[in-house]
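The block underneath contains the structure these notes are about, expressed in structure tokens.
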Amino acid sequence: MSARPSAPPDVAWRGEAVTIGEVLTALSGIRPRLARAEAGEQEHPHPRNFVMTLVAVATSEADERRAQRACMAIAVNHPSLAIVVCEKPNVRSGRIDASITTHSLDPSQPGSVHYELVTLHIAGAAGEQLAAVVDPLLLSGVPTYLWWLDTPPFGKKELLDALRICDALVVDSARFDRPYHSFLGLADLALNSHSQLGIADFQWARLEPWREAIAQFFEPKDRRSFMSGIAELGIDYVGEGRANRIGAALLVGWFSSAVGWSIERAVGGAGGVVVAHFSTADGRHLEVSFRSVPKAHLANGEVCAVRIAGASDGGTFRLSIQRDPERQRRVTTDVGPEPFQAQHHAGGEDDAGYELAQRQSSQHRAVLQQSREALHHTATGELPGEPPHTSTVLLRDRRYGDSALVLLTMIDIGEGKTLRHLQRIEPEDEAALLVDLLSNDDRDPVYARSLVAAAELMRALKS
């Protein structure tokens, strides 16, 4: 996502009250002109290469702009055809207003990357006529992804018709209307749709740091036996109500389906507390609990802590993962040369923030030391001296706004010393998440089984 267009995109064509045939005719006329313009007078026209077609369905102007921004950002590195379909209440039935936006990167850059963005304003619910509107515009032999920015009409024939012309459906279950019922509808779709349909979920991508941290704990060979000794699993999430438990349920569904647990019963109590009982393949019983905690800077439904504990081979183990944990204030004076203070913000007056900045400071000092030694030796021929190890960290600064968040992992095994690992989670980039979902594998069997297991857990709850 590092490249940038050399100039703003151009609206190559616009039409009101048009037919899809007219839109297709306009596209067919625009493509050869662009090919000739890119090649110049001395070369043959370049072929138009596309790696995918991305169809985005929006139900509001805000979502339409989100989809357009994401499509343009993706197309900078992935030449593609993007179709944004937005339902407009003031457009009469049967009318289509359309525009085509095109752009190419600077021809002097390696490769000719270009995109075409078709925006369609239609009347009524987009899903009711999506297949008929979009199908004539699709490119043969190129994978087609359907990104529904709001809530797809699960269970409706119109959605099934649209999915028959697509290779994958992309959703964000954290943005569903009526999240509980919509999530169950998504799980039913995964079970009953045609075998070639892929399903991708932004919420699944956001859980990746949590899944990686848990998987890494069990990765060493001498810890594999811990999986059969787990006695309890707890998850903290933000916001009360069953709609906010989806992320936590999806994380439990991933873990339980991986280790072969079966749900027996579950109950939700006051304050967002959930207790679920599982049985293991070897007949043991264990408890999984959720609880709602306040985190003002996180959105409702976000996971903020995971705890796993148990015993194996006569010893105990405990894994704790916390997002932006409450930390003790570290009261110290500002230290470090003034020129370095702006480069190494401490990230908070606490141990975790200090540790992050200290890592950056150490790396910077190492580079400076190598440069100093080389210059000293070149200038004098003498061996360099040991530089003073003064800190280059300003402890008073805090990280807010768009800065990275912290994931803190604590590991206790037996009577051994607690192991700590600090990880930064970068701010969310919707276009980058979308590319990651599509490029990794939209037909992810791990996600599919996790989704089904999470739905079973949600259905088992009585409140």
Side-chain angles (χ1 to χ4, degrees), residues 1 9 11 14 16 23 52-76 78 80-93 95-101 115-134 137 144-154 156 158-159 162-163 165-166 168-179 181-183 185-186 189 199-206 243-244 246-247 299-302 402 427-438 442:
M1 311 296 293
V11 177
R14 189 187 303 275
E16 297 183 355
V23 178
M52 68 175 177
T53 301
L54 178 60
V55 181
V57 179
T59 56
S60 67
E61 291 186 2
D63 280 351
E64 179 184 352
R65 290 191 294 270
R66 279 179 53 220
Q68 290 172 338
R69 287 195 300 268
C71 290
M72 291 179 183
I74 289 171
V76 168
H78 305 274
S80 57
L81 168 64
I83 304 171
V84 177
V85 182
C86 184
E87 58 185 58
K88 293 288 184 177
N90 57 342
V91 176
R92 70 175 183 270
S93 178
R95 170 170 169 152
I96 300 176
D97 295 339
S99 65
I100 301 174
T101 303
Y115 68 79
E116 298 169 359
L117 171 61
V118 179
T119 302
L120 304 175
H121 291 168
I122 63 178
E128 294 178 0
Q129 48 185 317
L130 186 63
V133 168
V134 169
L137 303 177
T144 300
Y145 302 103
L146 175 59
W147 176 24
W148 211 292
L149 278 80
D150 196 353
T151 308
F154 294 113
K156 299 292 184 64
E158 294 83 359
L159 176 62
L163 293 178
I165 63 173
C166 299
L169 171 67
V170 183
V171 298
D172 187 350
S173 58
R175 297 174 62 91
F176 283 168
D177 295 328
R178 302 177 69 238
H181 297 285
S182 298
F183 183 75
L186 178 64
L189 179 66
I199 295 178
D201 186 355
F202 279 88
Q203 184 147 239
W204 176 252
R206 297 187 193 102
N244 294 317
I246 291 174
N300 282 350
E302 290 198 68
D402 295 332
E428 180 177 320
D429 181 327
E430 189 168 54
L433 276 180
L434 183 57
V435 169
D436 185 60
L437 284 170
L438 299 180
D442 54 87

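Any value given below was found using the heavy atoms of this structure, including those in side chains, with hydrogens, waters and symmetry copies removed. In this chain, numbering begins with 1 at the start of the sequence shown.
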remark   = Rounded to the nearest 0.5 Å, the CG atom of Leu169 sits from the CG atom of Leu159 at a distance of 6.5 Å
query = Who are the side-chain contact (heavy atoms from CB on, under 4.5 Å) partners of Ala82, not counting sequence neighbours?
reply = Cys71, Leu117
task = Begin with the C-alpha distance, continue with both residues' side-chain angles, and end with the deciding distance and a verdict on side-chain contact (heavy atoms from CB on, under 4.5 Å) for Val57 and Asp150.
result = CA-CA 8 Å; Val57 179; Asp150 196 353; over 6 Å; no
message = How close do Ser173 and Gln203 get, counting heavy atoms only, and between which atoms?
response = OG-NE2, 2.7 Å
message = So Val55 and Trp147, do their side chains get closer than 4.5 Å, heavy atoms only?
response = no
query = Given side chains that start at C-beta, do those of Gln129 and Glu158 come closer than 4.5 Å, heavy atoms only?
reply = no
message = Between Leu438 and Met52, is there a side-chain heavy-atom distance shorter than 4.5 Å?
response = yes
remark   = By salt bridge (charged side-chain N to carboxylate O under 4.0 Å, His left out), Asp172 pairs with (sequence neighbours left out) Arg206
request  = Please report the shortest heavy-atom distance between Cys86 and Ser60, naming the atom on each side.
outcome  = SG-O, 3.8 Å
task = Answer whether the closest heavy-atom distance between the side chains of Ser80 and Tyr145 falls below 4.5 Å.
result = no
task = State, yes or no, whether a side-chain contact exists between Leu146 and Leu130 at a heavy-atom distance under 4.5 Å.
result = yes
message = If you compare all heavy atoms of Phe154 against all heavy atoms of Thr151, which two are closest, and at what distance to 0.1 Å?
response = CE1-CG2, 4.4 Å
request  = For residues Ala58 and Glu64, report the shortest heavy-atom separation together with the two atoms involved.
outcome  = CB-N, 3.6 Å
request  = Would you indicate whether the side-chain heavy atoms of Phe176 and Leu186 approach each other to under 4.5 Å?
outcome  = yes
request  = Please check if any side-chain donor atom of Glu87 sits under 3.5 Å from a side-chain acceptor atom of Thr59, or the reverse.
outcome  = no
ask   = Nearest heavy-atom pair of Leu437 and Ala205: which atoms, and what distance?
value = CD2-CB, 3.9 Å
ask   = So which heavy atom on Glu430 is nearest to which on Phe202, and how close?
value = O-CE2, 3.6 Å
Any residue meeting salt bridge (charged side-chain N to carboxylate O under 4.0 Å, His left out) with Arg175, in chain and number order, not counting sequence neighbours = Asp63
key: Check against side-chain contact (heavy atoms from CB on, under 4.5 Å), Val84 and Leu120   = CA-CA 6 Å; Val84 177; Leu120 304 175; over 6 Å; no
inquiry  = Please evaluate residues Leu54 and Leu81 with respect to the criterion side-chain contact (heavy atoms from CB on, under 4.5 Å), reporting the C-alpha separation (whole Å), side-chain torsions for both, the decisive distance (0.1 Å), and the verdict.
reply    = CA-CA 6 Å; Leu54 178 60; Leu81 168 64; over 6 Å; no
request  = Return yes if some donor-acceptor pair links the side-chain N/O of Thr119 with the main-chain N/O of Ala98 below 3.5 Å, else return no.
outcome  = no
note = So CD of Gln68 and OG1 of Thr101: to nearest 0.5 Å the spacing works out to 7.0 Å
query = Run the side-chain contact (heavy atoms from CB on, under 4.5 Å) check on Leu137 and Thr53 step by step: do they pass?
reply = CA-CA 10 Å; Leu137 303 177; Thr53 301; over 6 Å; no
